[in-house]
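Below is one structure, written out as structure tokens; the observations come after it.
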Amino acid sequence: MKDITAIRAILERPQGAVLAVIVGVEGPSYRPLGAMMTIYGKNDCVGSLSSGCIEADLALQAQETLREGAPRLVRYGRGSKFIDIQLPCGGGLEIVLLPTPDLAVLKQLDAKVKQRQRCTLDIDIESGAMTLGLGGVTRRTASGISIDIVPEIRVFAFGKGPEVNTFVALATSAGYPAVVLSPDDETIDLAKNLGCVTQKLTSKTFPDDLAVDDRSAIILFFHDHDWEPEILSASLKTPAFYIGAQGSLKAREARFTAMRGMGVSDKYLERLHGPVGLISSVKDPTTLAISVLAEIVGKARQDSAT
């Protein structure tokens with residue numbers, strides 16, 4: 001939930017903060033329904049709703065809402081009264097500006113995000129009142145908007161060598177938290193330098209203290225495939241939305257044979273991704289990292305849409 005940065009900005013600096021939320025989308029849009037940004041003054045903001053097309057005017061509108069002390073609903077693009085502000089995508093956006101948003105509710109929301117709990121942020125457009133509800137789908141309601149808040153994708157990367165560290169470097173730079181589990185001290189040290197949580201593997205088993213949830217991805221980067229069967233077998237018992245292991249089709253078949261010998265059914269094996277990634281037969285760690293992360297993010301988006 002990358003828009004949490006806009007929420008946390010308000011909690012850290014509430015004075016003069018205006019929360020801007022997309023509450024209506026018509027046609028194509030750079031950001032989705034429910035996207036948020038925080039505005040301070042004319043030149044200071046956290047986040048973006050249009051990649052620069054409307055932010056300057058939003059800042060002016062935000063300062064007026066602060067002076068008036070009431071929410072304001074503005075429209076840009078298709079159907080807008082601001083004919084001099086165009087959206088290149090050709091769509092239309094409705095955005096509510098909320099001066100002095102409810103800090104108590106936002107603190108509760110931040111706590112739930114940190115605990116990886118799903119919820120909704122429900123906003124009344126007219127009054128600006130906020131409440132938290134159970135997780136659902138982001139949608140316009142009769143009185144405002146209900147924004148589905150889901151935990152950010154978290155990756156658990158097992159293995160050793162450059163494939164692991166290149167992958168978690170890419171994942172963390174994109175804002176996805178990563179946990180690295182490896183039997184190799186050098187891999188662990190490099191992962192620590194990247195800001196990852198790390199855990200030393202002392203056996204070829206899946207640690208029983210990992211907090212894996214349904215927004216978690218598990219990926220194995222072992223050249224020694226003997227490490228895989230037990231870790232993957234235990235991974236399949238978790239709610240992780242993505243489980244995969246690097247290797248060729250031949251490695252995949254050997255992996256399946258070993259796991260079937262351990263009593264793992266084909267129904268469970270169907271959950272395993274491998275060869276992993278959207279690009280076939282990659283030969284370097286960087287391309288593999290891009291390929292695998294794209295597959296993981298794509299799977300998360302697909303699951304959210306169903």
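Both backbone and side-chain heavy atoms feed into the values below; hydrogens, waters and symmetry mates do not.
- A salt bridge links D266 with R260; the closest basic N to acidic carboxylate O contact falls under 4.0 Å.
- Distance CG/L66 to CD/Q15: 9.0 Å, rounded to 0.5 Å.
- Applying the 6.0 Å contact sphere to NZ of K200 captures more than 12 heavy atoms from other residues, nucleotides or ligands.
- Open room surrounds CG on N43; 12 or fewer heavy atoms of other groups in view lie less than 6.0 Å from it.
- With respect to the salt-bridge test (charged N to carboxylate O, under 4.0 angstrom), the residues K192 and D185 do not qualify.
- Within the 4.5 Å cutoff, the side chain of V180 has no heavy atoms near those of the V197 side chain.
- Pairing each heavy atom of S233 with each of V264, the nearest pair is OG-CG2, 3.4 Å.
- Residues R75 and E26 are paired through a salt bridge, judged by an N-O separation under 4.0 Å between the basic side chain and the carboxylate.
- Taking all atoms of both residues into account, the shortest heavy-atom contact from A171 to L293 is CA-CD2, 4.0 Å.
- T166 contributes no side-chain N or O that, together with a main-chain N or O of E163, makes up a donor-acceptor pair within less than 3.5 Å.
- At distances below 3.5 Å, not a single donor-acceptor pair connects side-chain atoms of T187 with backbone N or O atoms of S182.
- Here the closest non-hydrogen pair linking I296 and A217 is CG2-CB, 3.8 Å.
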query: Going through the distances and angles, do D122 and S146 end up as a side-chain hydrogen bond (donor to acceptor under 3.5 Å, both in side chains)?
result: CA-CA 4 Å; D122 301 316; S146 181; 2.6 Å; yes
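- Taken to the nearest 0.5 Å, the CD1 atom of I4 stands 7.0 Å off from the CD1 atom of I149.
- Two residues are said to be in side-chain contact when any heavy atoms from C-beta on lie closer than 4.5 Å; I10 and P101 meet this criterion.
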message: R31 vs M37, test: side chain to side chain contact (heavy atoms under 4.5 Å, CB included). Steps then yes/no.
response: CA-CA 11 Å; R31 298 297 313 283; M37 68 177 288; over 6 Å; no
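- Taking the charged nitrogens against the carboxylate oxygens, E94 and R140 do have a contact shorter than 4.0 Å, which makes a salt bridge.
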- request: Starting from the C-alpha separation in whole Å, work towards a yes-or-no answer on side chain to side chain contact (heavy atoms under 4.5 Å, CB included) for V297 and Y176.
  value: CA-CA 10 Å; V297 174; Y176 302 117; 3.7 Å; yes
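- By the criterion of side-chain heavy atoms lying less than 4.5 angstrom apart, applied directly or through intervening Ile, Leu, Val, Met, Phe, Trp or Tyr residues, L181 is grouped together with L220 in one hydrophobic cluster.
- Nearest approach of I231 to S235, heavy atoms of both residues: O-OG, 2.7 Å.
- Remark: I7 CD1 to T38 OG1 distance equals 6.0 Å, nearest 0.5 Å.
- A donor-acceptor distance shorter than 3.5 angstrom exists from the side chain of S291 to the backbone of L278, with no hydrogens or angles considered.
- Between K204 and E230, no side-chain nitrogen of the basic residue sits less than 4.0 Å from a carboxylate oxygen of the acidic one, so the salt-bridge criterion is not met.
- Within the 4.5 Å cutoff, the side chain of L73 has heavy atoms near those of the V23 side chain.
- The CG atom of L106 sits 7.0 Å away from the CG atom of L19 when rounded to the nearest 0.5 Å.
- With hydrogens and angles disregarded, a donor-acceptor distance shorter than 3.5 Å links the side chain of T138 to the backbone of D148.
- No side-chain heavy atom of L134 sits under 4.5 Å from any side-chain heavy atom of C119.
- Minimum heavy-atom separation, L11 to P14: O-CD, 4.0 Å.
- In terms of the ring-ring contact (aromatic ring centres under 6.0 Å, His included) criterion, F241 has no residue partners (sequence neighbours excluded).
- Counting non-hydrogen atoms of neighbouring residues, nucleotides and ligands closer than 6.0 angstrom, the CD atom of E126 reaches no more than 12 such neighbours.
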field: From CA spacing to verdict: side chain to side chain contact (heavy atoms under 4.5 Å, CB included), I39, V46
entry: CA-CA 7 Å; I39 302 168; V46 178; over 6 Å; no
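- Residues I219 and V292 form a side-chain contact, since some pair of their non-hydrogen atoms from C-beta on lies under 4.5 Å apart.
- In this structure the side chain of L121 reaches within 4.5 angstrom of the side chain of M36, judged on heavy atoms.
- Checked by atom type and distance alone, the side chain of S248 pairs as donor or acceptor with a backbone atom of A251 at under 3.5 Å.
- The ring-ring contact (aromatic ring centres under 6.0 Å, His included) check on F256 picks up nothing, with sequence neighbours excluded.
- A donor-acceptor distance shorter than 3.5 angstrom exists from the side chain of R252 to the backbone of G274, with no hydrogens or angles considered.
- Figure legend: cation-pi geometry between R13 and Y40, with NZ or CZ positioned under 6.0 Å from the six-membered ring centre and within 45° of its axis.
- The two residues A35 and D3 come nearest to each other via the heavy atoms CA-OD2, 3.2 Å.
- Formation of a donor-acceptor pair under 3.5 Å by the T287 side chain with backbone atoms of D284 is not found in this model.
- For the pair R118/R215, no side-chain contact is recorded, criterion being any heavy-atom separation below 4.5 Å from C-beta on.
- Residues F167 and F221 bring their aromatic ring centres within 6.0 Å.
- The CG atom of L58 lies 11.0 Å from the CZ atom of R72; values are rounded to the nearest 0.5 Å.
- Remark: side-chain polar atoms of Q61 are not paired, donor with acceptor, to backbone N or O of V74 under 3.5 angstrom.
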task: Given side chain to side chain contact (heavy atoms under 4.5 Å, CB included), test Y242 with V276 step by step and report yes or no.
output: CA-CA 11 Å; Y242 178 99; V276 289; 3.5 Å; yes
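- The structure places NZ of K267 at 12.5 Å from CG of L236, a figure rounded to the nearest 0.5 Å.
- By the 4.5 Å heavy-atom criterion applied to side chains, L288 and Q246 are counted as neighbours.
- Evaluated for a ring-ring contact (aromatic ring centres under 6.0 Å, His included) with F158, the options F222, W227, F206 yield exactly one hit, F206.
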